[in-house]
Amino acid sequence: MERRFTAEIDPSMAGEKATLVGWVHEIRDLGGITFLILRDREGFAQVTLPKKRVEAELLGIVKHISRESVIRVTGTIKEDERAPGGYEILPHEIRVLSYADSPLPLDPTGKVKAELDTRLDSRFMDLRRPEVLAIFKIRSYVLDTIRNFFKEHGFIEINTPKIVATATEGGTALFPITYFNREAFLSQSPQLFKQIMMSAGFDRVWEIAPIFRAEEHDTTRHLNEATSIDIEASFMDYEDVMRILEDLIARVYESVKRECEKELSDLDIRIEVPDTPFRRITYTEAIDLLKSTDNPEFSELVWGDDLSASCEHELGRLIGEHYFITDWPTDSKPYYTQPAENPEISLSFDLMHPRMELASGSERIHDLDLLISRIDAMGLNPDSFEFYLRAFKFGIPPHSGWGLGLERLLMTMLGLENIREAVLFPRDMRRLSP
RNA sequence: GCCCGGGUAGUGUAGUGGCCCAUCAUGGAGCCCUGUCGAGGCUUCGACUCGGGUUCGAAUCCCGACCUGGGCGCCA
């Protein structure tokens, strides 16, 4: 008999036979009647064993089965108001497919909380919990939504190498690896390659892929392996790609709110779709805004300073929703960022959630001489960017783009405390397995 | 990398020098119980991260190692 998910059964199917497979979530033995709660990916089903109406052999199996064992149950569906979901299964056959050892490394019913570190050590079991599973069902759904969005907007999906010869932007620390007998690095960003694709004439491209950062940051919002959602688009200015970004964010929120009701309720959260367009403030306005607060912490700020975490938090408090900080000082952005008419300022932006930065992007330099002089000015050697710079020599359109952190998007949308909760098997300074 | 916390049964915790061969919950084993849904009741099992030191006496104080939580810096 074909097996079904628990969610595929309802009280109207009373009298039919059904086969369910899943994990033993709980057993409640009341003496004359025993309830076994079976859990699968989609939910729960109650298997009811009244002592007088069920074979002694089945009671024997249930008596000695352990929690979290995998079983197959075949039985009759019975409508009963007293059962959760309005139905229960009266079993004819119960097979133990895999016996679970004891004690369990953590409690999948969630009655006893476990710390994140404990949960990650036994992630296979942590992921059995419906509210943890819900995060990853939503993650999968968000990726679907993003894919559809890009397809509708005429973007081509690309895949760029993750093993690279040179640093992309010079600033951040990279993981060195051995590539045969040469030194190589794990890619920190697809930036250079997606720009080369503009020279290739692909016009609009997107990629969702891992990025690797060797920074020794140890916080609830950093990962050493993260997922970056990247686009690059020709003949677009930075306003154009900002509009794409805010529309994408709004679309993701809207779709998740509409299509992931069960998952949001498993997580016990509600989400608000942000209004577009998002508020835009320039970097200069942000500095002035901070200085106008009474907080002495910000009175020393001068134009050109980076915005610290407490600056971001204060702006988040003042603005209270998604916003862009635009027109950053040219020197605080990467070399490929297009300067404005006033060369001190760049055509760049960061997308902010009140809790943290989600994305950054800009209009790019497409003039080769200017690009070389900017690389120079940043103290980098243009010779090591030869493969990149060649693409600017033979006709490259003006273009703009951005990169968005998938885990940060999920974390802020779902109100997760720690970014590690948005990754199946997170990689950070301390954690390399599982 | 810098600053500040913390490591007690499988899990989550109480205990800050003797009251502790260590509290409570959950869990395991066993018994009772025919409508549970955090089932209930009874019995029982299971722990002070490691090494060194102070002290008559250390889970408790000190030092080191390892592990770990938070903040900052940097970033997405």
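So that the names make sense, note that chain A is the first sequence line, chain B the second, and so on, each numbered from 1. In what follows, every heavy atom counts, from backbone to side chain, and hydrogens, waters and symmetry copies are set aside.
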Under 4.0 angstrom between [X] side-chain N/O and [N] OP1 or OP2:
{"X": "A:R221", "N": "B:C72", "answer": "yes"}
{"X": "A:R430", "N": "B:U68", "answer": "yes"}
{"X": "A:R28", "N": "B:A39", "answer": "yes"}
{"X": "A:R67", "N": "B:G28", "answer": "yes"}
{"X": "A:T34", "N": "B:U34", "answer": "no"}
{"X": "A:K111", "N": "B:G27", "answer": "yes"}
{"X": "A:S308", "N": "B:G73", "answer": "yes"}

Examine the base of B:G35 for any acceptor or donor lying under 3.5 Å from a partner atom in the side chain of A:E88, and report the outcome as yes or no.
->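 Present.
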Where the side chain of A:D117 is defined as all heavy atoms beyond and including C-beta, which of B:U68, B:U34, B:U11 is the nearest nucleotide?
->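 So the nucleotide nearest the side chain must be B:U68.
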With the side chain of A:P84 defined as its heavy atoms from C-beta on, choose the nearest nucleotide among B:C72, B:U36, B:U11.
->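 Within the option list, the nearest is B:U36.
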Base partner of [N], which must satisfy Watson-Crick or wobble distances under 3.5 Å:
{"N": "B:A14", "answer": "none"}
{"N": "B:C48", "answer": "none"}
{"N": "B:C72", "answer": "B:G1"}

Is there side-chain contact between A:F324 and A:L245, with heavy atoms separated by less than 4.5 Å?
->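 A:F324 reaches A:L245 side chain to side chain.
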NA contact type, A:S228, heavy-atom cut-off 4.0 Å: base, sugar-phosphate, or nothing?
->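 It contacts nothing in the nucleic acid.
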Under 4.0 angstrom, heavy atoms only, what part of the nucleic acid is A:K51 near: base, sugar-phosphate, or nothing?
->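 Result for A:K51 = nothing.
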I need the [atom1]-[atom2] distance between [X] and [N], as an integer number of Å.
{"X": "A:R129", "N": "B:G12", "atom1": "CZ", "atom2": "C1'", "value": "12 Å"}
{"X": "A:H25", "N": "B:G38", "atom1": "NE2", "atom2": "P", "value": "10 Å"}
{"X": "A:K52", "N": "B:C33", "atom1": "NZ", "atom2": "C1'", "value": "13 Å"}
{"X": "A:E115", "N": "B:U26", "atom1": "CD", "atom2": "P", "value": "20 Å"}

Take A:W206 and A:I229 through the test side chain to side chain contact (heavy atoms under 4.5 Å, CB included) and record every step on the way to the result.
-> CA-CA 7 Å; A:W206 67 280; A:I229 302 161; 5.7 Å; no
[N] versus [M] - spacing of their [atom1] atoms, nearest Å:
{"N": "B:G41", "M": "B:A25", "atom1": "P", "value": "10 Å"}
{"N": "B:G6", "M": "B:A59", "atom1": "C1'", "value": "14 Å"}
{"N": "B:C24", "M": "B:G35", "atom1": "C1'", "value": "30 Å"}
{"N": "B:C21", "M": "B:U26", "atom1": "P", "value": "25 Å"}
{"N": "B:C75", "M": "B:G5", "atom1": "C1'", "value": "25 Å"}
{"N": "B:U11", "M": "B:C50", "atom1": "P", "value": "15 Å"}
{"N": "B:G10", "M": "B:U16", "atom1": "C1'", "value": "27 Å"}
{"N": "B:C63", "M": "B:A58", "atom1": "C1'", "value": "15 Å"}

In terms of the angle between their ring planes, are A:F155 and A:F150 parallel, tilted or perpendicular, with boundaries placed at 30° and 60°?
->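 The rings of A:F155 and A:F150 sit tilted, inter-plane angle from 30° to 60°.
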Could you grab the distance from atom CD1 of A:I231 to atom CZ of A:R204, nearest 0.5 Å is fine?
->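 With rounding to 0.5 Å, CD1 (A:I231) is 10.0 Å from CZ (A:R204).
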Taking atom CD of A:E417 as the centre, does the number of heavy atoms from other residues, nucleotides or ligands within less than 6.0 Å exceed 12?
->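 Counting other residues, nucleotides and ligands, CD of A:E417 stays at 12 neighbours or fewer.
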What about A:Y335 and A:F385, are their ring centers closer than 6.0 Å?
->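 When the ring centroids of A:Y335 and A:F385 are compared, they turn out to be within the sub-6.0 Å range.
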Measure from the ring center of A:Y283 to the ring center of A:W303 and say whether it is less than 6.0 Å.
->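 Yes, the ring centres sit under 6.0 Å apart.
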